[in-house]
Amino acid sequence: MLASQVLAPTLRDDPANADVVSHRLLLRAGFIRQLGSGLFTWLPLGLRVVQNVEAIVREELNRTGAQEVLMPVVQPAEIWQESGRWDAMGPELLRIIDRHARDYCFSPTHEEVVTDVLRQTMESYRDLPLSVYQINTKFRDEIRPRFGLMRAREFIMKDGYSFHLDDESLDVTYRAMHDAYAAILDRIGLRYRSVQADSGMMGGSDSEEFHVLADSGEDLIAYSPNSGYGANVERAEALSNGERPAPKESLTRVETPNAKTIEGVSKLLGIPPTRCVKTLMVHGTDSLIALILRGDHQLNEIKAAHLDGVIAPLRFASDEEISKSLNVDPGSIGPVELGVPYIVDRSADVLSDFVCGANENGFHLTGVNWLRDTPQGRVEDLRNVEPGDQSPDGSGPLAFARGIEVGHIFKLGRKYTESMNVTVQMPDGDDLYPTMGCYGLGVSRLVAAVVEQCHDEKGILWPKAVAPAMLHIVTINQQRSTAVEQAASNLYIECQREGIEVLWDDREERPGVKFNDAELIGIPYRVTIGDRGLKQGTFEFQHERSESIDVRPDDVISRLVAS
RNA sequence: CAGGGUGUAGCUCAGUCUGGUCAGAGCGCUUGCCUUGGGAGCAAGAAGUCGGGGGUUCAAAUCCCUCCACCCUGACCA
């Protein structure tokens with residue numbers, strides 16, 4: 001590539017409206033341009049990175065025995081109605097109407113289509129297991145696209161689907177996908193963790209997410225440094241903190257005027273929040289339900305929404321609803337003689353002599369004890385894990401990190417094969433609904449994640465595996481020195497012969513401009529060719545941001561090949 | 001969708017409160033000269049329906065109404 005010809009418009013200033021590192025640097029370095037909210041054009045350098053990532057993904061996926069296919073992105077409503085997701089997906093599904101007034105959507109994911117293909121082609125148990133994947137554009141009408149490529153509406157995704165006769169077979173492919181994802185991220189050279197996850201709208205049982213570690217990540221993950229345990233905090237199991245001590249205090253009603261928060265109550269009574277209990281009111285299937293947590297703990301809304309009797313997604317009761325059904329205002333609620341069912345978090349359950357609302361405005365109770373003063377209630381895991389918590393696998397305290405979710409693998413079960421009536425005939429003549437797995441990997445998000453993890457204050461530092469080129473040739477005064485021009489041209493041709501991708505900055509720019517752009521763009525190796533070095537018969541050779549060394553022109557290729 | 005912010009030249013922004021030499025700057029771009037190892041200098045130049053529409057006024061980038069777009073905080077997810 002010649003810099004004078006390639007469309008790589010670098011920007012001197014940081015673009016407005018791009019706070020996130022990857023968004024800012026990809027824009028500045030001329031890799032992408034933005035069309036609208038969550039809509040991006042990949043310019044030549046950016047597209048190369050995308051294609052490099054795709055090549056690695058293909059290799060590792062093919063290695064698992066998965067077969068590449070390509071499915072339509074515009075899909076008729078019928079198959080979505082069949083699976084039930086035409087309604088279930090809600091406004092995230094971008095719906096379109098064709099000239100005959102027929103309903104279509106721009107696909108956010110391809111379970112329906114792949115299932116439809118399978119039912120047309122699959123007849124016998126002999127056809128299974130089958131694993132297919134594609135790399136394709138997805139569209140999700142996100143409530144709020146943000147962070148540039150990290151949460152775009154239109155994005156590139158590798159999505160794979162597998163079909164099996166039984167759970168053991170699904171297990172084999174699921175593990176293979178897990179290993180393939182790990183291999184992909186290893187090859188790119190990223191720091192990442194795979195963690196247990198909530199399966200969200202996909203349904204199904206097991207699911208694991210792959211997170212690229214970065215402070216800008218949207219997700220918080222908890223992991224044990226001493227074992228393989230890791231989980232999204234949405235999902236990480238919170239243990240109770242120890243055993244419940246025996247009651248010592250007697251139940252006392254105290255006046256707490258104007259103390260409506262845990263902080264206010266604990267300050268007023270001189271009791272730490274860890275000895276208080278908070279009572280949150282949510283909608284249940286039959287009535288309001290109280291969720292009871294230790295004062296300093298955070299409710300995990302996803303865990304709560306999964307509980308029987310609780311409406312999903314979680315809906316908090318309004319102040320009016322609370323006052324109406326409990327005859328007490330929020331801020332003075334507690335489990336003692338509450339009048340509606342309550343669910344107690346494990347860590348609240350092991351408290352004794354605690355403080356809670358008295359269900360009377362302006363009053364709290366101290367010295368409250370389960371069983372003695374109020375029924376123990378149903379005990380569940382309701383809270384977020386936090387620093388200091390023990391890993392649920394008993395391997396010691398949890399550590400926390402922020403992550404960018406780039407991949408998610410699911411065991412789906414028979415949800416789609418049953419709803420869309422896909423069967424194969426078994427040896428005994430009976431029909432069987434295959435079980436299914438699905439495996440997503442966000443290719444364009446992965447590119448952003450690479451930048452989030454691989455950059456410094458000057459620009460991007462592409463890992464070799466995905467860099468838009470291996471070598472950046474920077475010529476000094478090329479337009480006035482035929483020696484420089486000739487030396488660069490020779491190296492450029494030699495690289496092409498060796499199959500080394502190279503970007504030659506042949507523009508008529510001053511050296512400072514070229515150096516700054518080179519650092520922004522972040523190609524791993526840089527060779528600077530100027531008359532100064534040429535007098536000694538050397539080029540300057542530089543890896544990433546390291547000090548440059550003088551090398552003989554003949555050595556450049558061998559160094560690159562060796563790297 | 002709720003809350004907050006922004007919209008003026010290709011890019012980054014000033015000007016808006018207090019209406020009237022306010023159509024501006026820097027960078028970039030074009031031409032010429034000069035310079036050539038870390039975003040040079042000089043000179044000349046091109047470039048904007050001031051997000052759109054409506055209104056108030058003798059007069060609107062500036063005040064009012066309305067719509068739109070983009071960004072940030074929350075629910076969603078690869």
Side-chain angles (χ1 to χ4, degrees), chain A residues 9-20 23-24 27-28 30 33-39 53 57 89-93 108-110 135-160 181 197-202 207 209-212 217-219 232 234 301-302 305 313-316 403-410 438-449 458-459 474-481 484 507-520 526 528-535 540 548:
Chain A
T10 55
L11 264 18
R12 275 199 190 213
D13 299 307
D14 275 336
N17 290 340
D19 296 336
V20 174
H23 190 197
R24 180 167 58 81
L27 237 21
R28 266 196 74 181
R33 277 294 118 103
Q34 185 160 358
L35 173 65
S37 185
L39 303 172
V53 171
V57 170
M89 289 282 300
E92 194 177 331
L93 185 65
T109 173
H110 280 67
I135 297 174
N136 205 348
T137 298
K138 295 281 181 283
F139 193 97
R140 294 185 187 171
D141 201 356
E142 293 280 349
I143 300 170
R144 186 153 89 79
R146 56 183 148 168
F147 306 148
L149 292 173
M150 297 241 265
R151 180 171 300 284
R153 289 192 294 174
E154 187 173 312
F155 57 96
I156 304 166
M157 175 169 156
K158 188 287 298 179
D159 49 325
Y181 279 29
D198 186 78
S199 25
M201 67 149 184
M202 305 297 302
S207 90
E209 292 168 347
F210 285 77
H211 286 266
V212 170
E218 283 189 87
D219 288 275
N232 198 310
E234 290 176 347
E301 298 188 22
I302 291 170
L314 202 64
R315 241 179 78 216
F316 285 98
I404 301 163
E405 182 192 349
V406 295
H408 200 159
I409 58 177
F410 301 84
C438 82
Y439 318 97
L441 184 72
V443 172
S444 42
R445 180 181 283 182
L446 193 44
V447 172
K458 290 178 171 173
V474 174
T475 46
I476 310 288
N477 275 332
Q478 175 189 334
Q479 274 68 22
R480 299 179 37 157
S481 165
V484 168
R507 297 174 301 167
E508 188 169 1
E509 290 287 354
R510 300 173 63 85
V513 173
K514 292 190 175 191
F515 290 142
N516 280 298
D517 275 353
E519 279 149 3
L520 240 192
R526 181 164 104 198
T528 305
I529 302 176
D531 281 322
R532 207 167 72 183
L534 248 29
K535 276 184 198 138
E540 286 155 59
S548 69

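Residue numbers begin at 1 in each chain, while the letters A, B, ... track the order of the sequences. Everything numeric here is computed off the predicted structure, so don't read it as measured data.
- Between Arg144(A) and C72(B) there is a side-chain N or O to OP1 or OP2 distance below 4.0 Å.
- Side-chain proximity of Asp13(A) to U12(B), C77(B), G37(B): nearest is U12(B).
- For Gln34(A), the listed nucleotide lying nearest its side chain is C71(B); candidates were A78(B), C71(B), C1(B).
- Of the residues in residues 152-159 of chain A, those lying under 4.0 Å from RNA chain B by heavy-atom distance are Ala152(A), Phe155(A), Met157(A).
- With hydrogens and angles left out, the side chain of Asp517(A) and the base of G39(B) share a donor-acceptor pair within 3.5 Å.
- OP1 and OP2 of C76(B) both lie 4.0 Å or more from every side-chain N or O belonging to Arg146(A).
- Contact between the side-chain N/O atoms of Arg12(A) and the OP1/OP2 oxygens of G28(B) is found at a separation under 4.0 Å.
- Between Pro108(A) and Leu93(A), the closest side-chain pair of non-hydrogen atoms falls below 4.5 Å.
- Residue Arg510(A) places at least one side-chain N or O under 4.0 Å from the OP1 or OP2 atom of A40(B).
- The nucleotide C29(B) finds its pairing partner in G45(B), both defining distances of the Watson-Crick or G-U wobble pair being shorter than 3.5 Å.
- Using modelled atom types, one side-chain atom of Ser444(A) and one backbone atom of Ile156(A) make a donor-acceptor pair closer than 3.5 Å.
- The nucleotide whose nearest atom lies closest to any side-chain atom of Arg140(A) is, among A78(B), G38(B), U12(B), A78(B).
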